[in-house]
Chemist: 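Before anything else, here's the structure in question.
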Amino acid sequence: MPGEAQAKRVYITTPIYYVNDVPHLGNGYTTIIGDALRRYHQLRGHDVRLLVGTDEHGLKLEREAQEQGLTPQAFVDQMSVRFREAWPKLLVEPDDFIRTTEARHESLVRDIWQRVAANGDLKKGHYEDWYCVGCESFKTEKELLEGNICALHKKPVERLKEETYFFALDQYQDKLLDLYAKSPSFVEPDSRRNEVLSFVSSGLKPLSVSRTSFSWGIPVPSDPKHVMYVWFDALSNYWTALGGWDSELTKRFWPSDPHALPTKSDDPMVIHLVGKDILRFHAVFWPAFLMSAQMPLPSKVYAHGFLTVDGQKMSKSLRNAVDPLRLARELPGGASTLRYHLLRAISFGQDGDFDHAALLERYNADLGKNLGNLLSRVLGLCVKNTGNTAPAFEQAKRTDLDNAFLKDVQLSLAAAREHWDAIEPHRALEATWAASSRANLYVDQAAPWAEAKKGDLARVETILTTLVKVLEHLSAFIAPALPDKANEMRAQLGLQPLAPALNRDLLAIDFSDAPARPLGTATPLFPTLDAAGVAALLDSLVPKAEPAMNESTQPEKPPAAALPSGAPLSEPIAYDQFAATDLRIGIVLEAEKVPKKDKLLKLKVDVGEASPRQIVAGLALSFAPEGLVGKRVIVVANLAPRDFGKGLVSHGMLLAAGESNSLSLATVSDDVAPGTKVK
RNA sequence: GCCGGAGUAGCUCAGUUGGUGAGAGCGGGCGUUUCAUACGCGCUAGGUCGGGGGUUCAACUCCCUCCUCCGGCACCA
């Protein structure tokens with residue numbers, strides 16, 4: 001459209017999902033939000049782009065491929081397809097799908113790396129620490145659970161020592177704080193912003209950004225025995241997917257000024273949607289990388305919460321049991337119903353509960369009764385009274401009742417737009433449905449059937465055309481959440497499908513006069529479910545309760561297998577060094593939880609001495625205190641006392657092995673006396 | 001333990017700079033209309049606004065304190 005102002009530009013990204021995972025409700029949720037926002041902006045006539053993709057590098061995938069006898073590339077190829085094919089089934093239509101193994105990505109990541117290096121922010125050094133294959137990252141000991149278990153993946157970490165490049169993250173502490181201060185909406189919601197703030201304020205350390213211990217990654221330019229740390233690689237996708245330095249898309253969708261704040265109004269809005277678990281990478285590392293490379297920053301990192309399912313934590317098993325694709329197939333109203341519920345029921349940004357019963361209630365109440373039935377009754381009235389046409393819509397014919405109705409609708413829909421702009425889908429939909437409720441009220445107030453009985457056809461026509469006009473608007477306003485249903489609704493209203501175009505606002509509220517026009521054929525848009533139908537669906541869709549104990553007391557148990565075979569052994573030691581450790585058999589006499597310390601138990605242990613010792617151990621996630629009493633344990637008896645503050649001192653430690661939440665205490669048979677030496 | 005957030009009707013939550021009798025949606029109960037997908041509309045919640053103190057003419061809204069929940073950090077040598 002020549003001559004028109006440039007459309008507002010919006011670039012929305014979801015995380016690229018690690019291909020070892022599958023599309024599940026959690027990442028489906030993020031992706032649906034992204035698509036709903038994309039559709040909203042598209043309807044407003046904005047220049048919008050949605051990027052999704054897959055993260056395909058790392059040790060974990062290299063090993064997985066090996067186990068399956070595939071090359072890494074072949075393995076990730078087959079895995080990536082699952083995501084690519086999943087999203088359209090949720091009515092998600094991304095503009096691009098980036099894979100970190102694509103050449104277009106790799107070459108540009110190398111460019112970024114070189115700019116960061118040129119800026120003097122990459123230094124070679126050595127790193128030795130625990131490494132979690134699941135996270136693709138080193139863990140400080142403080143981040144690990146009892147028994148060197150990764151807190152996120154509940155799997156044992158490995159001891160790795162290797163040459164690595166360090167990124168000078170510490171040099172960016174002040175600049176990041178400055179960014180958060182000057183651009184308060186860079187991280188949202190506020191509670192997450194505070195967390196980021198406190199993390200950065202507490203001090204940043206250089207960040208290890210390369211590996212030499214595996215090869216499935218992007219080689220470091222000029223030092224190809226290193227591959228890039230997976231986050232350096234992965235985060236860059238948001239930018240590389242646009243095509244790089246001088247590409248058309250980069251100019252359109254990435255801000256141009258590396259020194260400007262990301263809120264400059266004439267720049268494109270770059271919105272990263274992320275789960276709260278990966279906020280730090282996006283809100284700290286990513287802008288620091290970009291600053292170092294002297295590249296412009298995104299506008300906003302929005303971290304949403306986690307979902308529980310029917311009030312329960314989404315464990316691995318549940319996560320697999322709640323399959324969004326299956327819901328999209330089996331729910332009445334299909335993917336749109338799922339989308340609507342996710343967008344409407346969960347306050348975006350907060351943790352939320354995905355409740356199957358609430359979903360069906362909402363389907364019946366909001367979709368079936370409130371909106372679906374409204375459409376049905378209005379169209380039915382039109383068939384009976386106006387020859388299935390929408391009569392001319394004319395201001396002059398309207399009464400106060402009609403105008404009050406339109407005024408309220410106008411207010412609600414305007415509010416809905418504002419809420420979409422503010423990334424508050426739940427509020428936007430609430431406001432949209434307020435307009436629908438208002439229309440139901442108006443039908444009753446205006447009572448066109450009564451006017452028809454009186455023979456006042458002109459009045460009937462005015463009422464019905466007013467309703468049809470509002471339904472037209474509703475059909476567009478529901479489209480971000482319920483794209484297919486929006487167009488079905490429009491077909492019934494005798495309208496063409498929504499056809500977004502740049503600078504054309506399809507969510508404009510237009511109550512200007514319009515001529516009469518024919519309507520389409522009415523058919524229930526959202527057939528309501530009766531009680532039996534609800535029960536049957538619930539029975540089929542709700543994951544069956546775990547047969548064993550409930551989740552909270554018995555967290556998911558990784559396989560009993562210990563460290564992966566690749567774990568390097570520690571350096572050999574002489575016998576004397578071992579002998580210096582005085583291991584004794586002890587019997588637990590008392591055990592209690594240490595208040596305010598998640599993981600600590602305070603024990604009284606008889607190690608054959610005059611009086612029992614107090615030992616503080618990080619066992620609380622695995623053992624109920626009372627379950628330990630009477631157990632024989634192996635105690636490191638000559639360990640220096642350790643003070644936990646407030647007079648809580650530990651005299652020794654216990655040997656334990658296994659998984660974080662299901663630790664196994666090293667023990668001996670019952671006939672060994674306390675104090676017996678172990679060697 | 002430190003930092004942050006939150007505790008308001010059965011459920012999910014709104015409640016602006018402190019001020020007329022504390023709200024919405026859903027569910028439940030009662031009533032009612034008949035155009036409609038047994039759908040709509042109206043009425044109905046006797047809630048100590050987590051507990052306790054305080055400031056004030058006046059506090060859900062400010063201060064202190066305690067409790068609980070949720071995050072983040074810390075805590076297992």
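Convention: sequence-line order gives letters A, B, ...; per-chain numbering from 1. Predicted model, so just to flag it, every value in this text is computed and none were measured.
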Chemist: Let me know the distance between CG of A:L471 and P of B:rU37, rounded to the nearest Å.
Modeler: 15 Å
Chemist: Say you pick atom C1' in B:rG15 and the same atom in B:rG23; how far apart are they, in whole Å?
Modeler: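 Comparing C1' positions in B:rG15 and B:rG23 gives a spacing of 7 Å.
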Chemist: Is the shortest side-chain N to carboxylate O distance from A:E188 to A:R192 below 4.0 Å?
Modeler: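 A salt bridge is absent here (no side-chain N lies under 4.0 Å from a carboxylate O).
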Chemist: With rounding to whole Å, what would you report as the distance between B:rU12 and B:rG18 at their C1' atoms?
Modeler: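 About 27 Å, rounded to a whole number of Å.
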Chemist: On a whole-Å scale, what distance lies between the C1' atoms belonging to B:rG31 and B:rC69?
Modeler: 41 Å
Chemist: Sticking with atom C1', work out how far B:rC73 lies from B:rA14, rounded to a whole angstrom.
Modeler: 32 Å
Chemist: Rounding to a whole Å, what distance do you find between A:R192:CZ and B:rC73:C1'?
Modeler: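 One finds 13 Å between C1' of B:rC73 and CZ of A:R192, rounded.
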Chemist: How close or far is atom C1' of B:rG25 from atom CG of A:L371, stated in whole angstroms?
Modeler: 16 Å
Chemist: To the nearest angstrom, how far is A:H419 atom NE2 from B:rA24 atom C1'?
Modeler: 13 Å
Chemist: What distance, rounded to whole Å, do you find between the two C1' atoms, one in B:rU8 and one in B:rC3?
Modeler: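 The same atom, C1', in both gives a distance of 26 Å.
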Chemist: Quantified in whole Å, what is the C1' atom distance between nucleotide B:rG47 and nucleotide B:rA9?
Modeler: 5 Å
Chemist: Would you call A:K407 and A:D402 a salt bridge, taking side-chain N to carboxylate O under 4.0 Å as the test?
Modeler: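 Looking at A:K407 and A:D402, the cut-off is not met.
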Chemist: Over how many whole Å does the gap from A:L360 atom CG to B:rC26 atom P extend?
Modeler: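 Atom CG in A:L360 sits about 17 Å away from atom P in B:rC26.
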